[in-house]
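Read through the structure below, which is laid out as structure tokens, and then see the notes.
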Amino acid sequence: AQRVTQPEKLLSVFKGAPVELKCNYSYSGSPELFWYVQYSRQRLQLLLRHISRESIKGFTADLNKGETSFHLKKPFAQEEDSAMYYCALTNSGGSNYKLTFGKGTLLTVNP
Amino acid sequence: DVKVTQSSRYLVKRTGEKVFLECVQDMDHENMFWYRQDPGLGLRLIYFSYDVKMKEKGDIPEGYSVSREKKERFSLILESASTNQTSMYLCASRGGMGYEQYFGPGTRLTVT
């Protein structure tokens, strides 16, 4: 069974500090990993996916298959980064495109 | 831009009522999904549909059913609402070659 673990429910940092949101997964096949974000009073939206290897809003995430991790990082946090972040996984070879989500981490960036 | 709309932002129902939550997408997506979002539990998949009239149970289907008569519309039905179904319900759709799911704004359902 596939599982996504986000060990921190809450994370609080100061503006300008580095931030890392942790995500670990368990999956026997070849996973596709994603980070979704939900800003206050907005809908859930895709932040980034591991396969594209891009940086969005200064965030990056590297898939580490050895440690089965996909941590989200940003070197200098901004107040507008305050949001709920979800890590998610799907089977890259699957045909139903189901996503398994972690329980989420609420990031607060203080001024 | 993909647009996913949900029929209500807020809904209050009584225990035992039959409840319909509607979701519509305008991008001709094949796949549609219903989740519930609860604090500390994240998003949990209730049902999904990979084509018209095709559906499959997710992780927590008990107490729910779905209907997809047209490609653009996916309905979630609570046959007899109970207080433990008080939650935020999110609809999503996906299509084409990518894995990205596009979410609606959510319906906050309160069952009293």
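Sequence lines set the chain letters: A, B, ... in the order given, protein chains first and strands last, and positions in each chain run from 1.
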Is there a path of hydrophobic side-chain contacts, each under 4.5 Å between heavy atoms of I, L, V, M, F, W or Y residues, that connects [X] with [Y]?
| X | Y | result |
| --- | --- | --- |
| L46(A) | M32(B) | no |
| M88(B) | M84(A) | yes |
| V37(A) | V4(A) | yes |
| Y39(A) | I56(A) | yes |
| L47(A) | Y25(A) | yes |

Counting C-beta onward and ignoring hydrogens, is there a side-chain heavy-atom pair between [X] and [Y] closer than 4.5 Å?
| X | Y | result |
| --- | --- | --- |
| Q45(A) | F103(B) | no |
| Y36(A) | L43(B) | no |
| Q37(B) | Y86(A) | yes |

Using 0.5 Å steps for rounding, measure from the [atom1] atom of [X] to the [atom2] atom of [Y].
| X | Y | atom1 | atom2 | value |
| --- | --- | --- | --- | --- |
| T90(A) | Q101(B) | OG1 | CD | 7.5 Å |
| D38(B) | K103(A) | CG | NZ | 11.0 Å |
| D59(B) | T100(A) | CG | OG1 | 6.5 Å |
| F33(B) | L99(A) | CZ | CG | 6.5 Å |

If only atom types and distance count, is the side chain of R94(B) paired as donor or acceptor with the main-chain N or O of K98(A) below 3.5 Å? no

Heavy-atom distances under 4.5 Å only: say whether Q6(A) touches chain B with side chain, backbone, both or neither. neither

Flag yes if more than 12 heavy atoms outside K73(A) fall under 6.0 Å of its NZ atom; otherwise flag no. no

Within 6.0 angstrom of R108(B) CZ, more than 12 heavy atoms from elsewhere: no

